[in-house]
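Quick notes on the structure that follows.
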Amino acid sequence: MAIEGPLKELEIHDVFQLLDLSRKTGALRVTSDLRHNQGTVYFQSGAVIHAEIRSNPHRLGDLLVRAGKCTEADLERARDLQRRGDARRIGAILVEMGSIQNRDLEGLVKFQIEEVIFEMMSWREGFFSFSEESISEIEAEATLRVPIEALLLEGARRIDEWSQIERKIPHLSVVPTFAMPPQGGGGALDLLPSEWELLATVDGRQDIRSIAASLARSDFDVAKTFFGLESAGVVTLLDRPPASAAPGGGATETVAEAEKALQRGQGEAARAMVDGALQRHPHDAGLYLVMGKINQAAERYADAEENFRRTLWLDALLAPAHRLLGDVLALRGRLAEAVEWWERWLKLGEDTGVLAPDADEVRRAVHAARTLNNVLGASGG
């Protein structure tokens with residue numbers, strides 16, 4: 001029996017619950033055109049036994065090396081066996097070679113599964129399809145079963161904590177540096193081993209994403225730890241864009257043409273241009289920015305919000321995205337969040353010395369939104 005549909009009608013969290021309760025065996029495929037990404041989760045009697053994603057941020061072999069579980073030489077020997085026809089997964093080969101322990105393999109396989117599923121749980125748009133099919137090859141290689149209930153609880157916890165963390169870490173390109181010591185000196189640091197491990201990586205150049213990758217730890221755990229270290233005054237978090245995320249990089253002409261089409265009222269033509277360009281440049285911030293404008297003009301505000309957040313994920317200093325995200329959030333009735341993004345846009349203009357002509361208009365909008373929030377709060381609305 002096939003189960004499929006858009007995530008706007010049945011959220012991914014509910015899909016996982018349904019498969020858990022019905023103890024399904026088969027493959028769940030979830031596709032997000034917005035992110036140009038696709039993930040597949042394999043179930044055995046309702047439990048997850050394997051998960052993979054197109055973006056594949058954590059390849060198992062690389063994770064094992066980064067975590068110090070095996071050497072580069074061991075990994076290359078295992079890959080050489082695969083190239084010669086060994087059909088087993090890299091982890092199974094390394095265990096037989098004696099390069100890693102089975103418990104280490106299971107721990108990192110579980111980490112891989114969790115990171116894929118937590119990434120998919122953040123998708124609010126896309127299409128899912130589950131099919132009951134033979135997964136005998138996957139089952140034969142599976143080293144553990146991960147209960148859905150535990151994944152859902154952890155996913156919900158992360159979503160709740162991210163809402164607090166993103167106030168100081170709005171994206172993974174934030175760069176931690178050591179904070180200036182307080183006048184008169186400070187007391188001794190009483191930190192956990194995991195916190196010392198992160199502090200050892202702080203050099204003022206690596207961002208949170210690269211630190212997480214180098215330590216084979218999840219983006220969430222690293223961001224959460226740095227959030228705590230910043231709150232304690234140990235580090236300062238610098239809001240810098242990734243070096244490769246220049247606006248429109250490699251897609252400038254498409255952005256310009258789509259902007260012109262949108263100004264002429266040809267929204268669907270502009271959408272077709274940007275859709276095609278995103279297939280070639282899936283990490284271009286400028287393309288996501290103009291797609292957000294297209295969706296905002298079409299009153300598809302939820303999609304526009306996703307586009308503008310994706311823009312800022314790729315390029316935190318692309319100033320218009322801050323302003324536009326605030327506008328969309330206001331249109332969706334989330335005034336407090338809108339104020340936060342409008343103020344970030346104003347501060348970015350002040351920091352760079354480039355204040356837009358409509359800065360005063362935005363300040364008035366901030367004041368009006370705060371006043372309305374105060375009125376609603378006083379009336380209990």
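These figures come from a predicted structure and were not determined experimentally.
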Could you tell me which non-hydrogen atom of Arg88 sits nearest to which non-hydrogen atom of Gln82, and how far apart they are? O-NE2, 3.1 Å
Main-chain N/O of Leu192 paired with Glu195 side-chain donor or acceptor, under 3.5 Å: yes
Run the salt-bridge test on Lys110 and Glu114 with the 4.0 Å N-O cut-off and return the result as yes or no. yes
Applying salt bridge (charged side-chain N to carboxylate O under 4.0 Å, His left out), run through Arg157 and Glu154 and close with a yes or a no. CA-CA 5 Å; Arg157 183 185 69 82; Glu154 174 64 13; 2.5 Å; yes
Separation of Asp86 CG from Ile93 CD1 (nearest 0.5 Å): 4.0 Å
Check: Tyr288 and Leu278 side chains under 4.5 Å, non-hydrogen atoms: yes
Tell me, with the steps shown, if Arg363 and Asp360 meet salt bridge (charged side-chain N to carboxylate O under 4.0 Å, His left out). CA-CA 5 Å; Arg363 291 190 184 98; Asp360 287 338; 2.7 Å; yes
Member of Trp341, Trp345, Trp342, Phe308 meeting the ring-ring contact (aromatic ring centres under 6.0 Å, His included) criterion with His322: Trp341
Taking the side chain from Gln206 and the backbone from Thr201, do they hold a donor-acceptor pair closer than 3.5 Å? yes
Atom CD of Glu11 with >12 non-hydrogen neighbours under 6.0 angstrom: no
For Thr40 versus Ala27, what's the shortest heavy-atom pair and its separation? CG2-CB, 4.3 Å
Minimum side-chain heavy-atom gap Glu166-Glu340 below 4.5 Å: no
How about CD on Glu149, more than 12 heavy atoms from neighbouring residues, nucleotides or ligands closer than 6.0 Å, or not? no
Can you name the nearest heavy-atom pair linking Val290 to Ala258, along with the distance? CG2-CB, 4.0 Å
Please tell me whether Val30 and Val41 are part of a single hydrophobic cluster in this structure, the criterion being side-chain heavy atoms less than 4.5 Å apart. yes
Which value, rounded to the nearest 0.5 Å, describes the distance between Glu161 atom CD and Asp221 atom CG? 9.5 Å
Return the minimal non-hydrogen interatomic distance between Met121 and Gly155, and the atom names on each side. SD-CA, 3.9 Å
Step-by-step side chain to side chain contact (heavy atoms under 4.5 Å, CB included) determination, Ser131 to Glu4: CA-CA 9 Å; Ser131 59; Glu4 60 183 33; over 6 Å; no
Is there side-chain contact between Val146 and Val109, with heavy atoms separated by less than 4.5 Å? no
Enclosure of Glu96 CD (heavy-atom neighbours >12, cutoff 6.0 Å): no
Quick one: list whatever passes side chain to side chain donor-acceptor pair (under 3.5 Å) with Arg323, sequence neighbours left out. Asp327, Asp358
Quick note, salt bridge (charged side-chain N to carboxylate O under 4.0 Å, His left out) partners involving residues 269-279, not counting sequence neighbours, are Glu268-Arg271
Going through the distances and angles, do Ile211 and Phe226 end up as a side chain to side chain contact (heavy atoms under 4.5 Å, CB included)? CA-CA 11 Å; Ile211 290 173; Phe226 275 122; 4.0 Å; yes
Is the positively charged end of Lys24 above the ring of Phe43, judged by distance under 6.0 angstrom from the centroid and angle within 45° of the axis? no
Nearest 0.5 Å, what's the CD-CG distance between Gln296 and Leu262? 9.5 Å
Please check if Leu325 and Leu331 belong to a single hydrophobic cluster, counting links between Ile, Leu, Val, Met, Phe, Trp and Tyr side chain heavy atoms closer than 4.5 Å. yes
Would Lys8 and Glu306 pass as an ion pair if we require N to O under 4.0 Å? no
Leu312 reachable from Leu329 in the ILVMFWY side-chain graph, under 4.5 Å edges: yes
Just to verify, which of Thr311, Val255, Asn307, Asp303 counts as forming a side chain to side chain contact (heavy atoms under 4.5 Å, CB included) with Met291? Asn307
Examine Phe178 and Phe227 and state if one hydrophobic cluster contains both, with Ile, Leu, Val, Met, Phe, Trp and Tyr joined whenever side-chain heavy atoms are less than 4.5 Å apart. yes
Spacing of Arg77 atom CZ and Met97 atom CE [to the nearest 0.5 Å]: 3.5 Å
Is the shortest heavy-atom distance from the side chain of Val65 to the side chain of Cys70 under 4.5 Å? yes
Close side-chain approach of Leu19 to Ile148, heavy-atom, < 4.5 Å: no
Considering all heavy atoms of both residues, which atom of Val235 and which atom of Leu199 are nearest to each other, and what is their separation? CG1-CD2, 3.7 Å
Does the side chain of Glu52 reach to within under 4.5 Å of the side chain of Val116, using non-hydrogen atoms? no
Please lay out, stage by stage, how Ile12 and Leu28 fare under the test side chain to side chain contact (heavy atoms under 4.5 Å, CB included). CA-CA 10 Å; Ile12 191 67; Leu28 171 67; 4.3 Å; yes
Which value, rounded to the nearest 0.5 Å, describes the distance between Leu238 atom CG and Arg205 atom CZ? 13.0 Å
Assess whether salt bridge (charged side-chain N to carboxylate O under 4.0 Å, His left out) is satisfied between Arg158 and Asp219, documenting all intermediate values. CA-CA 11 Å; Arg158 287 194 179 200; Asp219 296 335; over 6 Å; no
Before accepting this row, confirm whether a basic side-chain N of the pair Lys347/Glu343 lies closer than 4.0 Å to the acidic partner's carboxylate O. no
Between Gln112 and Ala51 (side chain of the first, backbone of the second, donor and acceptor by atom type, cut-off under 3.5 Å), is there such a pair? no
Could you give me the CA-CA distance, side-chain angles and deciding distance for Glu337 and Arg332, then say whether salt bridge (charged side-chain N to carboxylate O under 4.0 Å, His left out) is met? CA-CA 10 Å; Glu337 292 178 71; Arg332 302 193 72 190; over 6 Å; no
Tell me if a side-chain donor or acceptor on Thr31 pairs with a main-chain N or O of Gln38 at a distance below 3.5 Å. no
Is the CZ atom of Arg83 crowded by more than 12 outside heavy atoms at less than 6.0 Å? yes
Check step by step if side chain to side chain donor-acceptor pair (under 3.5 Å) holds for Ser32 and Glu125. CA-CA 7 Å; Ser32 169; Glu125 52 67 46; 2.6 Å; yes
Return yes if some donor-acceptor pair links the side-chain N/O of Arg145 with the main-chain N/O of Gln44 below 3.5 Å, else return no. yes
Looking at CD1 of Ile53 and CD of Glu115, how far apart are the two atoms once the value is rounded to the nearest 0.5 Å? 10.0 Å
In one Ile/Leu/Val/Met/Phe/Trp/Tyr side-chain cluster, 4.5 Å: Phe127, Ile3: no
Within the 4.5 Å heavy-atom criterion, are Pro176 and Glu230 side-chain neighbours or not? no
Check whether any side-chain heavy atom of Leu10 sits under 4.5 Å from a side-chain heavy atom of Phe128, and report yes or no. yes
Heavy atoms of Ser99 and Asp74 approach each other most closely as OG-CG, 3.4 Å
